[in-house]
Peer 1: 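Sharing a structure, written as structure tokens. Questions coming.
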Amino acid sequence: MGVEDEVAPVVLEFWSNYVSSIAEEQFQYPAGETQPEWMEGAKANVCQAISELVQKIIYPPSDITETWDGDSKRTFKVFRVDVRDIIAESYETLRDALTDLFIDFTLRALEAKNWLELEAGLFGLVSIADAFNDKVDERLIRLFDQPLLSAVSENEGVPGITRRTTVEAVAALDHFFLRNPRFLPQVLPFLLVALALPATAHSAAKSFATLCSECRKSLTGELDSFFQMYQRFLTYPTAEEFTKSKLLEGIAAIVQALDTEEKQLVGVRQLFQFVAQDAMQAINVTKGGHDAEQGQVLALTTLKCLTSIGRALQALDEEVVDLESENHHSTFWSSGPGKEIQNQIVNFVNYLTQVFPGDDEIIEAACNVLRTGFKEAIPGPFVLPPSAAVDFIVKTNVQTPRLPYVLDTACCWLSSHRHNPPEGFSDHAQRLLQHDIGIMQALQHPRNDPEIAVGCIELIQNFTNSNPRILTQQHPDILAGLFGFTIESVKSPEVLPKRAAAKLWKDVFELAGNTHSQHQGTAQDILNHFGPSITYALISNVCGEVDQTSLEHIIVPLRALIKSDRNARMYIANSLGEQPLLQRYQQESGVQDLVRKFIESMTR
């Protein structure tokens with residue numbers, strides 16, 4: 001075994017270099033071109049070396065590994081990783097011969113029920129699986145035509161490491177199963193068994209979600225059995241946040257593949273029944289004062305499962321193209337029978353955040369549920385009315401945990417409606433803007449919470465880039481406070497608000513100089529009002545109030561100002577004239593010369 005062999009780890013470097021050299025040499029000879037006579041012998045050496053190394057990565061029986069100390073376990077794991085890298089690199093040289101080597105090794109171990117050798121064979125296959133394509137299928141079929149997965153599932157004596165590597169092999173070969181869906185009836189029950197074991201539950205759940213997503217159209221006829229499977233899974237001790245969310249994600253992908261919205265609604269209702277069980281339990285254990293911590297875990301599980309379901313229900317890219325070309329604007333989910341689902345989503349988000357208002361993870365998870373529908377180009381269960389996200393966001397305040405993430409969610413909401421604003425968009429956008437202004441007023445100065453200040457500024461930047469006219473609908477005094485906050489951020493020693501504000505003003509300056517934009521006039525109005533004060537703030541930074549790492553962030557908007565506004569030279573000259581240090585020496589010709597050269601260098 002590798003752990004007992006002091007020579008094996010030493011020679012790995014030799015074989016790694018040998019394999020690399022052979023691969024590089026082979027690359028010099030395109031397919032069909034005659035290779036040197038020595039190449040076949042070199043390949044045989046590589047194949048022999050891999051055969052020997054596979055023997056050395058076999059785990060010893062548990063009665064031996066249990067006696068290992070921490071260093072021995074680490075050494076063996078590192079050895080296996082190094083061998084895996086050599087195997088992966090040698091695939092380009094050996095290709096089918098290497099695939100056959102591991103398949104034959106695995107099949108011999110399966111026949112002999114030597115589970116640790118079987119693990120080593122599958123470990124080798126996983127090492128090269130990324131390089132597989134459909135030409136390898138006939139070889140893999142030879143492996144999966146045998147009762148490999150059922151044998152690993154049903155034999156109680158199979159070691160945990162073998163079960164885990166088998167699950168990893170299923171995950172690594174997901175494209176093979178997509179091309180050969182006839183194997184899915186043996187793969188998915190195998191993953192169900194693996195879900196019951198703590199050692200394999202997480203990797204089995206990930207594989208289940210991936211396979212269901214990739215093979216969704218082949219599995220719609222099995223949907224009822226998947227719901228039964230999930231019901232059975234809930235009795236396992238491994239049924240927790242991650243595994244639940246992955247299984248529901250996989251089942252939701254199959255629901256998405258159903259051919260009518262009516263059928264999808266039936267499937268989504270069933271999914272939401274499972275989600276509602278956790279939500280109700282979270283509320284009951286919390287309000288009953290039994291176990292607030294468990295209540296928080298269940299609430300978080302509810303929201304994360306909702307997000308996973310929402311992502312899996314998103315229309316596939318090819319479906320979006322088809323439906324958009326047909327000008328498809330279904331109201332099934334927004335005002336038809338599916339409206340109940342959207343109401344439930346909003347209720348889940350609102351109620352759980354009310355029960356756990358001070359929990360940062362709950363707030364972030366709630367935002368993720370809302371964001372799920374933002375990327376959708378066509379109607380769907382999670383494409384909520386515009387008011388849903390805005391209503392949630394405007395309930396927050398400076399004490400809300402993860403407020404910067406909430407403000408970023410507002411940015412995502414604006415971006416999602418930038419090119420196709422829905423009915424009532426302007427009113428909802430105004431509500432968001434007023435909320436942002438309220439947070440800035442409560443914050444008073446960016447230094448009081450730089451992270452929140454950045455979130456506020458980035459939201460203003462998003463308004464500027466999407467539709468700055470929304471900004472100018474505010475009272476002039478409000479606008480003065482809003483842009484004043486961003487100017488104070490530029491002046492502030494806090495690095496992140498300074499950079500965020502500088503980036504905002506760069507966008508304003510560029511928009512003011514963009515003759516092709518319908519919003520140029522609005523940006524020019526903003527510049528006319530605040531040009532002198534923002535220029536002074538930027539120049540003050542250049543004159544010594546900024547650290548070296550942020551200087552470039554200040555120079556970029558200054559250059560944008562010079563390119564876009566004819567008054568820029570005057571603004572800069574006036575700002576330099578107001579700098580205390582330069583005022584003291586303003587009559588000296590050297591200083592005047594320096595100011596002139598600076599302005600000229602910036603205006604080139």
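Both backbone and side-chain heavy atoms feed into the values below; hydrogens, waters and symmetry mates do not.
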Peer 1: Do the side chains of C305 and T301 get nearer than 4.5 Å, heavy atoms only?
Peer 2: yes
Peer 1: Considering residues, nucleotides and ligands other than D130, do more than 12 of their heavy atoms fall under 6.0 Å from its CG?
Peer 2: no
Peer 1: If you look at every heavy atom in C367 and T409, which pair is closest and at what distance?
Peer 2: CB-OG1, 3.3 Å
Peer 1: Within the structure provided, determine whether D278 and K244 are in side-chain contact (heavy-atom separation under 4.5 Å).
Peer 2: yes
Peer 1: Just wondering, do L148 and L122 contact through their side chains at under 4.5 Å, heavy atoms?
Peer 2: yes
Peer 1: Using a strict 4.0 Å threshold on nitrogen-to-oxygen distance, state whether E340 and R269 make a salt bridge.
Peer 2: yes
Peer 1: Using the ring pair (Phe, Tyr, Trp, His ring centres under 6.0 Å) criterion, which residues pair with F14? Sequence neighbours excluded.
Peer 2: Y18
Peer 1: Tell me, please, which residues at least two apart from H175 pass ring pair (Phe, Tyr, Trp, His ring centres under 6.0 Å).
Peer 2: none
Peer 1: Would you call E240-K304 a salt bridge at under 4.0 Å N-O?
Peer 2: no
Peer 1: I'd like to know if R108 pairs up with E111 as an ion pair, taking the criterion as any Lys NZ or Arg NE/NH1/NH2 lying under 4.0 Å from an Asp or Glu carboxylate oxygen.
Peer 2: no
Peer 1: Work out which heavy atom in A239 is nearest to a heavy atom in F233; give both atom names and the distance.
Peer 2: CA-CZ, 3.5 Å
Peer 1: Quick one: does T106's side chain get under 4.5 Å of Q146's, heavy atoms only?
Peer 2: no
Peer 1: Any side-chain heavy-atom pair from E361 and R402 closer than 4.5 angstrom?
Peer 2: no
Peer 1: Does the plane of the ring in H202 sit parallel, tilted or perpendicular to the ring in F242? Use 30° and 60° as the thresholds.
Peer 2: parallel
Peer 1: Exactly one of L173, L149, D174 should register a side-chain contact (heavy atoms from CB on, under 4.5 Å) with V187. Which one does?
Peer 2: L149
Peer 1: Hey, is NZ on K43 packed in by over 12 heavy atoms from elsewhere, all under 6.0 Å?
Peer 2: yes
Peer 1: Would you please say whether a donor-acceptor pair under 3.5 Å links the side chains of E52 and Q48?
Peer 2: yes
Peer 1: Taking atom CZ of R139 and atom CG of L98, what is their separation to the nearest 0.5 Å?
Peer 2: 11.0 Å
Peer 1: Grab the two heavy atoms, one from A312 and one from A252, that are nearest each other, plus how far apart they are.
Peer 2: CB-CB, 3.7 Å
Peer 1: Using the side-chain contact (heavy atoms from CB on, under 4.5 Å) definition, which of the options T307, V349, I363 pairs with N368?
Peer 2: T307
Peer 1: Side-chain contact, heavy-atom cut-off 4.5 Å: I309 with I251?
Peer 2: no
Peer 1: Check K135 with D96, please: is the shortest side-chain N to carboxylate O separation under 4.0 Å?
Peer 2: no
Peer 1: So how far is it from I50 CD1 to S90 OG, rounded to the nearest 0.5 Å?
Peer 2: 4.0 Å
Peer 1: Using a 3.5 Å distance criterion without hydrogens, assess whether the side chain of S20 forms a donor-acceptor pair with backbone atoms of S16.
Peer 2: yes
Peer 1: Could you check if a side-chain atom of L219 sits within less than 4.5 angstrom of a side-chain atom of F226, using non-hydrogen atoms only?
Peer 2: yes
Peer 1: Quick one: do F274 and Y230 satisfy ring pair (Phe, Tyr, Trp, His ring centres under 6.0 Å)? Show the steps, please.
Peer 2: CA-CA 9 Å; F274 293 126; Y230 186 80; 4.7 Å; yes
Peer 1: Is there a side-chain contact between I345 and L370, using heavy atoms and a 4.5 Å cut-off?
Peer 2: no
Peer 1: Determine, for Y405 and R371, whether the Lys NZ or Arg CZ falls below 6.0 Å from the six-membered ring centre while staying within 45 degrees of the axis.
Peer 2: yes
Peer 1: If the threshold is 4.0 Å, N to carboxylate O, is there a salt bridge linking R182 and D145?
Peer 2: yes
Peer 1: Parallel, tilted or perpendicular: which fits the ring planes of F79 and F76, with parallel below 30° and perpendicular above 60°?
Peer 2: parallel
Peer 1: Determine, step by step, whether F144 and F177 satisfy the ring pair (Phe, Tyr, Trp, His ring centres under 6.0 Å) criterion, reporting the C-alpha distance in whole Å, the side-chain angles of both residues, the deciding distance to 0.1 Å, and the verdict.
Peer 2: CA-CA 10 Å; F144 288 101; F177 295 116; 5.1 Å; yes
Peer 1: Determine, for D100 against R95, whether the closest basic-nitrogen to carboxylate-oxygen distance falls under 4.0 angstrom.
Peer 2: no
Peer 1: Can you tell me if Q342 and S334 form a side-chain donor-acceptor pair at under 3.5 Å?
Peer 2: no
Peer 1: Between D291 and Q294, do the side chains contain an N or O donor and an N or O acceptor separated by less than 3.5 Å?
Peer 2: no
Peer 1: Evaluate whether atom CD of E138 has more than 12 neighbouring non-hydrogen atoms of other residues, nucleotides or ligands under 6.0 angstrom away.
Peer 2: no
Peer 1: Quick one about R216 and S213 (side-chain donor to acceptor, distance below 3.5 Å, no hydrogens or angles considered), yes or no?
Peer 2: yes
Peer 1: Listed by chain and number, what are the salt bridge (charged side-chain N to carboxylate O under 4.0 Å, His left out) partners of D259, not counting sequence neighbours?
Peer 2: K263
